[in-house]
Amino acid sequence: MNHSMVSEFVFLGLTNSWEIQLLLFMFSSIFYMASMLGNSLIVLTVMMNPHLHSPMYFLLANLSITDLGVSSVISPKMIYDIFRKHKVISFGGCIAQIFFIHIIGGVEMVLLIAMAFDRYVAICKPLHYFTIMSRKMCLLLLVAAWIIGFIHSVVQLGFVVKLPICGPNIIDSFYCDFPRFIKLACTDTFRLESMVTANSGFISLGSFFILIVSYIFILITVRKHSSGSSSKALSTLSTHVMVVILFFGPCIFVYIWPHSTSHLDKFLVVFDAVLTPFLNSVIYTLRNKEMKVAMKKVCSQFIIYGRIS
Ligand SMILES: *[C@@H]1O[C@H](CO)[C@@H](O)[C@H](O)[C@H]1NC(C)=O
């Protein structure tokens with residue numbers, strides 16, 4: 001911290017137009033609350049229903065926990081700042097934001113790959129499902145997700161945290177992340193920018209390809225052994241593919257084209273920070289009958305409990 005001469009950063013926000021600010025405020029508040037509610041409900045439902053104690057639902061509940069984090073790293077500060085003239089964040093706050101964005105982003109990516117692997121085993125090796133996706137395996141995947149997320153975040157931050165920042169301390173966005181943070185340094189940052197593009201960009205792109213290829217592979221297997229269960233498998237797969245595209249699309253754009261002059265990346269981040277976690281919870285529950293039934297039970301239990309007490 002001694003190296004930098006700025007102690008805080010000023011955000012320019014997303015736009016100056018009052019109408020768009022109002023729209024953004026309503027949009028983000030509604031979807032932020034809906035996403036917190038939906039994902040908490042998923043976690044509760046999976047924890048409270050013994051017959052949902054299977055690898056797929058454990059991974060889903062863990063994805064929901066991660067989604068609670070995804071929406072909370074950027075959105076509350078963004079919503080709080082929307083109508084403020086002077087939007088500031090401390091140096092430490094900025095670094096913390098970058099740190100958590102990349103841990104949670106990393107965990108989410110690994111979990112999505114783990115969920116694809118789970119579907120692969122369930123569909124292509126159904127007889128060995130419970131031996132392969134054992135309790136140990138689930139725990140291993142979960143621990144791996146957090147370790148990979150942590151390493152991914154710390155490695156990049158290690159390069160950036162000591163950068164001499166001499167100002168201006170203005171960030172043309174509403175949150176802190178590498179592409180715009182690095183631009184504030186007063187040294188040549190070309191190599192750092194390449195490192196971030198390689199680390200964050202190619203990891204997103206790589207995970208995206210792994211996922212798409214594994215889903216295509218599963219699809220081919222399903223079509224070969226087409227049976228009664230294949231249409232159900234297909235509908236589960238299509239929801240997973242939707243989530244993957246929604247999550248990775250903005251990530252890939254932000255990190256692979258960090259130098260684009262358009263402001264499209266800022267709007268795309270709103271999408272990832274607010275909308276995707278909400279859509280995840282909706283997509284996974286609305287298209288899953290077991291989950292819907294279990295959720296209704298949990299909700300009615302709460303209502304009954306509320307009436308008694
Ligand atoms: C997350 O996954 C682990 C490993 O399978 C599991 O033990 C845990 O219960 C899951 N968390 C939730 C909230 O379901």
So does [Y] get a backbone contact from the side chain of [X], meaning a donor-acceptor N/O pair under 3.5 Å?
{"X": "Asn199", "Y": "Met195", "answer": "no"}
{"X": "Thr276", "Y": "Phe271", "answer": "yes"}
{"X": "Ser204", "Y": "Phe248", "answer": "no"}
{"X": "Asp118", "Y": "Ala114", "answer": "no"}
{"X": "Asn169", "Y": "Glu8", "answer": "yes"}
{"X": "Ser300", "Y": "Lys297", "answer": "yes"}
{"X": "Ser153", "Y": "Gly149", "answer": "no"}
{"X": "Asp67", "Y": "Ser281", "answer": "no"}
{"X": "Lys266", "Y": "Gly13", "answer": "yes"}
{"X": "Gln21", "Y": "Thr15", "answer": "yes"}

Looking at [X], I'd like to know if its [atom1] atom is crowded, meaning that more than 12 non-hydrogen atoms belonging to other residues, nucleotides or ligands lie closer than 6.0 Å.
{"X": "Phe150", "atom1": "CZ", "answer": "no"}
{"X": "Phe83", "atom1": "CZ", "answer": "yes"}
{"X": "Phe27", "atom1": "CZ", "answer": "yes"}
{"X": "Lys296", "atom1": "NZ", "answer": "no"}

Do you know which two heavy atoms are closest between [X] and [Y], and how far apart they sit?
{"X": "Tyr57", "Y": "Leu52", "answer": "CB-O, 3.0 Å"}
{"X": "His86", "Y": "Val88", "answer": "NE2-CG1, 3.4 Å"}
{"X": "Ala294", "Y": "Asn49", "answer": "CB-ND2, 3.8 Å"}
{"X": "Ala116", "Y": "Ile218", "answer": "O-CD1, 3.9 Å"}
{"X": "Ser214", "Y": "Leu211", "answer": "OG-O, 3.0 Å"}
{"X": "Ser72", "Y": "Leu68", "answer": "OG-O, 2.9 Å"}

Enter the distance from [X]:[atom1] to [Y]:[atom2] here, rounded to the nearest 0.5 Å.
{"X": "Ser28", "Y": "Met33", "atom1": "OG", "atom2": "CE", "answer": "10.5 Å"}
{"X": "Leu112", "Y": "Leu59", "atom1": "CG", "atom2": "CG", "answer": "10.0 Å"}
{"X": "His53", "Y": "Met47", "atom1": "NE2", "atom2": "CE", "answer": "8.0 Å"}
{"X": "Phe159", "Y": "Arg191", "atom1": "CZ", "atom2": "CZ", "answer": "9.0 Å"}
{"X": "Ile182", "Y": "Phe190", "atom1": "CD1", "atom2": "CZ", "answer": "12.0 Å"}

Check: Can Phe174 and Ile82 be said to form a side chain to side chain contact (heavy atoms under 4.5 Å, CB included), step by step?
Finding: CA-CA 9 Å; Phe174 52 90; Ile82 285 179; over 6 Å; no
Subject >> Residue that, paired with Phe181, satisfies side-chain contact (heavy atoms from CB on, under 4.5 Å) out of Ile165, Leu192, Val196 >> reply: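 When side-chain contact (heavy atoms from CB on, under 4.5 Å) is applied between Phe181 and each of Ile165, Leu192, Val196, only Ile165 qualifies.
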Open item on the list: Using the rule given for side chain to side chain contact (heavy atoms under 4.5 Å, CB included), can you reason through Phe117 versus Ile132, listing the C-alpha separation, both sets of side-chain angles and the distance that settles it, and then say yes or no?
Closed with: CA-CA 10 Å; Phe117 177 68; Ile132 297 175; 4.2 Å; yes
Subject >> Aromatic plane relationship, Tyr120 with Phe217 - under 30° parallel, 30 to 60° tilted, over 60° perpendicular >> reply: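 Ring orientation of Phe217 relative to Tyr120: tilted.
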- Audit row: Gln97, Tyr175, side chain to side chain contact (heavy atoms under 4.5 Å, CB included) steps and yes/no: CA-CA 8 Å; Gln97 214 174 28; Tyr175 74 109; 3.8 Å; yes
Using the rule given for ring pair (Phe, Tyr, Trp, His ring centres under 6.0 Å), can you reason through Phe178 versus His152, listing the C-alpha separation, both sets of side-chain angles and the distance that settles it, and then say yes or no? CA-CA 13 Å; Phe178 289 123; His152 162 71; 8.2 Å; no
message: Is any side-chain heavy atom of Phe130 closer than 4.5 Å to one of Pro55?
response: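 Pro55 reaches Phe130 side chain to side chain.
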Test side chain to side chain contact (heavy atoms under 4.5 Å, CB included) on Ile98 and Gln156 and set out the steps. CA-CA 10 Å; Ile98 300 181; Gln156 291 180 94; over 6 Å; no
*Are Val10 and Ile79 in one and the same hydrophobic cluster, where Ile, Leu, Val, Met, Phe, Trp and Tyr link if side-chain heavy atoms are under 4.5 Å apart?*
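No, it is not one cluster - the side chains of Val10 and Ile79 are not joined through contacts under 4.5 Å.
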